[in-house]
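Have a look at the structure below before the remarks.
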Protein chains: 2
Amino acid sequence: MARPRTFDEEQALDAAMRTFWRKGYEATSTEDLCAATGLGRSSIYNTFKSKRALFQRVLDRYMTTMNAGQLAVLEDPGLSGADRIRALFARVLDGDAENRPTGRSLGCLGVNTTIELAGRDAVAAGMLERDTAHRLDALRAVVEAGRRDGSITSSRDAGDLARFLNATIAGLRVSAQGGADRATLDAIVAIALDALTA
Amino acid sequence: MARPRTFDEEQALDAAMRTFWRKGYEATSTEDLCAATGLGRSSIYNTFKSKRALFQRVLDRYMTTMNAGQLAVLEDPGLSGADRIRALFARVLDGDAENRPTGRSLGCLGVNTTIELAGRDAVAAGMLERDTAHRLDALRAVVEAGRRDGSITSSRDAGDLARFLNATIAGLRVSAQGGADRATLDAIVAIALDALTA
DNA sequence: CTATTTTTGAACTGATCTATCCAAAATTCC
DNA sequence: GGAATTTTGGATAGATCAGTTCAAAAATAG
């Protein structure tokens with residue numbers, strides 16, 4: 001029928017993701033996106049419609065891939081509830097450590113977007129809210145499992161504990177972007193876990 | 001000798017602060033700053049040199065004024081260590097609640113800047129790091145005081161507890177910007193405080 | 001009132017922004 | 001190979017960006 005694309009769409013999304021992640025939405029120009037993906041303007045606009053639409057694809061892809069890995073950890077049947085949460089934190093911090101191209105953490109694209117865009121982009125805000133709700137569900141289930149298996153003894157509401165853990169992850173992300181090293185982040189995690197048995 | 005300024009520099013800084021706070025650094029144009037301050041371009045560039053320099057003045061002013069209030073709370077001699085930390089969280093959340101012009105929290109300009117700029121603006125990063133170090137010092141002192149007065153029984157390192165509390169504040173800020181209401185934030189605080197007595 | 005100095009508004013500069021247009025190249029189907 | 005269709009690169013458009021220029025207005029000091 002016609003000429004096929006010579007590039008891989010998901011590969012282009014990954015390149016765009018890295019750029020948005022590193023520079024933020026506003027500071028990323030369409031030329032940055034061309035350079036990062038290796039594509040011309042036409043290809044980008046043909047495929048993704050606009051910078052904003054491309055960003056939405058990127059954000060969706062980011063949340064989907066991140067959640068896949070994190071939810072898998074949270075559902076590991078071989079671990080107690082508390083250990084699953086420990087494993088989640090470890091995964092978050094490992095991922096953070098791997099993602100420091102310039103020595104400084106890039107943080108989490110979800111957190112970064114919450115702060116840069118959620119207040120004035122209802123679509124992005126909605127995507128992020130759905131993602132948070134999803135993660136809170138998974139965290140609450142693990143807290144309840146930990147309560148059953150005895151690894152979590154706090155009498156606080158499971159939903160509140162889930163929100164506390166979610167906030168702790170965000171706090172770790174901000175601390176990392178502010179320059180904290182791995183040992184510092186590990187110490188924060190250890191203290192946060194204390195709250196589950198208080 | 002000559003014509004004096006008709007505007008108040010600090011008032012202009014406050015107007016600029018609100019704008020940067022609400023929209024972020026990149027998304028704020030110099031025209032936005034003119035509109036917010038009521039000044040012309042000449043007056044702004046005459047007084048503040050550049051958008052970036054103005055932002056640095058704004059960030060410095062923000063950190064100074066915020067720290068003044070927060071450190072005062074942390075040094076209240078009438079309260080136990082744990083109660084001073086409770087009072088700090090209350091102050092943070094009260095301030096957050098007062099600062100929701102569109103219903104959604106604006107977060108903290110320091111956190112927002114850490115995420116939007118610290119990775120690619122060494123001056124901003126340095127200002128933020130100094131501010132964080134200052135706050136961590138105050139938090140550690142309060143943790144040590146709480147340990148002496150018996151209100152904090154955790155055996156964790158005081159510096160680590162300070163970093164945990166600082167990360168918790170950041171996590172609260174991100175949660176607020178993500179749409180959490182006051183009751184949710186209060187519940188997170190209560191759980192974080194559990195870690196101090198675990 | 002005059003000389004001096006600064007502020008101020010408006011026009012302007014050159015760069016960069018997102019996005020579109022269009023013709024040439026590429027590829028498939030027949 | 002030829003017709004049909006899509007991709008692609010480069011040029012371009014129009015808006016907006018941060019920042020400058022300049023002359024007129026304003027205000028003080030003497």
Side-chain angles (χ1 to χ4, degrees), chain A residues 1-60 112-113 116-117 120-124, chain B residues 1-60 109 112-113 116-117 119-124:
Chain A
M1 302 271 269
R3 178 179 175 184
R5 274 180 197 150
T6 60
F7 66 92
D8 179 59
E9 197 168 309
E10 306 216 324
Q11 219 169 309
L13 281 173
D14 281 338
M17 185 190 300
R18 281 189 293 273
T19 309
F20 280 127
W21 200 348
R22 182 164 46 84
K23 306 188 64 167
Y25 177 77
E26 295 289 350
T28 296
S29 69
T30 52
E31 204 172 310
D32 290 333
L33 294 167
C34 290
T37 59
L39 303 181
R41 284 183 147 54
S42 297
S43 300
I44 288 187
Y45 277 90
N46 237 12
T47 310
F48 302 108
K49 288 196 56 164
S50 70
K51 177 184 170 184
R52 183 157 173 263
L54 169 56
F55 182 77
Q56 285 165 6
R57 283 282 305 271
V58 160
L59 181 59
D60 186 69
N112 298 0
T113 304
E116 191 190 355
L117 278 187
R120 59 204 162 82
D121 184 326
V123 172
Chain B
M1 299 277 270
R3 177 180 176 183
R5 273 179 197 150
T6 59
F7 66 91
D8 179 57
E9 196 167 310
E10 307 216 325
Q11 219 169 308
L13 281 173
D14 281 337
M17 185 191 300
R18 280 189 294 273
T19 308
F20 280 128
W21 200 347
R22 181 165 46 85
K23 305 189 64 167
Y25 178 78
E26 295 289 350
T28 297
S29 69
T30 52
E31 205 172 311
D32 290 334
L33 294 167
C34 290
T37 58
L39 303 181
R41 283 183 146 54
S42 296
S43 300
I44 287 187
Y45 278 89
N46 235 15
T47 310
F48 302 108
K49 287 197 59 162
S50 69
K51 177 184 170 184
R52 183 157 173 263
L54 168 57
F55 181 77
Q56 286 165 7
R57 283 282 304 273
V58 160
L59 181 59
D60 186 71
L109 184 61
N112 298 0
T113 303
E116 191 190 354
L117 278 187
R120 59 204 163 82
D121 184 327
V123 172

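dC17(D) atom P lies 13 Å from atom CD1 of I44(B), rounded to whole Å. Rounded to whole Å, atom P of dA15(C) lies 19 Å from atom NZ of K51(B). Atom CG in D8(A) sits about 15 Å away from atom P in dT7(D), given to the nearest Å. Between Y45(B) atom OH and dT7(C) atom P the separation is 17 Å, expressed in whole Å. We find that CG of L39(B) is positioned 16 Å from P of dG19(D), with the value rounded to whole Å. Rounded to whole Å, the distance from CZ on R52(B) to C1' on dC17(D) is 17 Å. Rounded to an integer number of Å, the gap from CD of E9(A) to P of dT7(D) is 10 Å. Per the geometry, CZ belonging to R5(B) stands 18 Å off P belonging to dA26(D), to the nearest Å.
OP1 or OP2 of dT8(D) sits under 4.0 Å from a side-chain N or O of S43(A). Between T6(A) and dA26(C) there is no side-chain polar atom (N or O) within less than 4.0 angstrom of OP1 or OP2.
At a threshold of 4.0 angstrom between heavy atoms, the contacts of T47(B) with the nucleic acid are absent. Here F48(B) lies out of heavy-atom contact (under 4.0 Å) with every strand. Contacts of T30(A) with the nucleic acid, taken as non-hydrogen atoms under 4.0 Å apart, include base atoms.
The 12-atom threshold is not exceeded at CD of E31(A), counting heavy atoms of other residues, nucleotides or ligands nearer than 6.0 Å. Environment of CD in Q11(B): sparse, with no more than 12 heavy atoms of neighbouring residues, nucleotides or ligands closer than 6.0 Å.
Among the nucleotides dA19(C), dT20(D), dT7(D), the one closest to any side-chain atom of N46(A) is dT7(D). Nearest to the side-chain atoms of E31(A) among the listed nucleotides dC17(C), dC17(D), dT8(C) stands dC17(C). Closest contact between the side chain of S50(B) and the listed nucleotides dT7(C), dT20(C), dG19(D) involves dG19(D). Listed nucleotides: dT7(D), dT18(C), dG19(D). Nearest to the side chain of R41(B): dG19(D).
Counting heavy atoms from C-beta outward, T28(A) and F55(A) have side chains that stay 4.5 Å or more apart.
Heavy-atom distances to DNA chain D give each of G38(A) and S42(B) a nearest nucleotide, and the one nearer the 5′ end belongs to G38(A). Both F7(B) and K49(A) lie near DNA chain C, and the one whose nearest nucleotide falls closer to the 5' end is F7(B).
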Assess the residue pair F7(B) and L39(B) against the criterion (side chain to side chain contact (heavy atoms under 4.5 Å, CB included)); give the C-alpha distance rounded to whole Å, side-chain angles, the decisive distance to 0.1 Å, and a yes or no. CA-CA 8 Å; F7(B) 66 91; L39(B) 303 181; 3.5 Å; yes

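For the pair K51(B) and F20(B), the cation-pi criterion (under 6.0 Å, within 45° of the ring axis) is not fulfilled.
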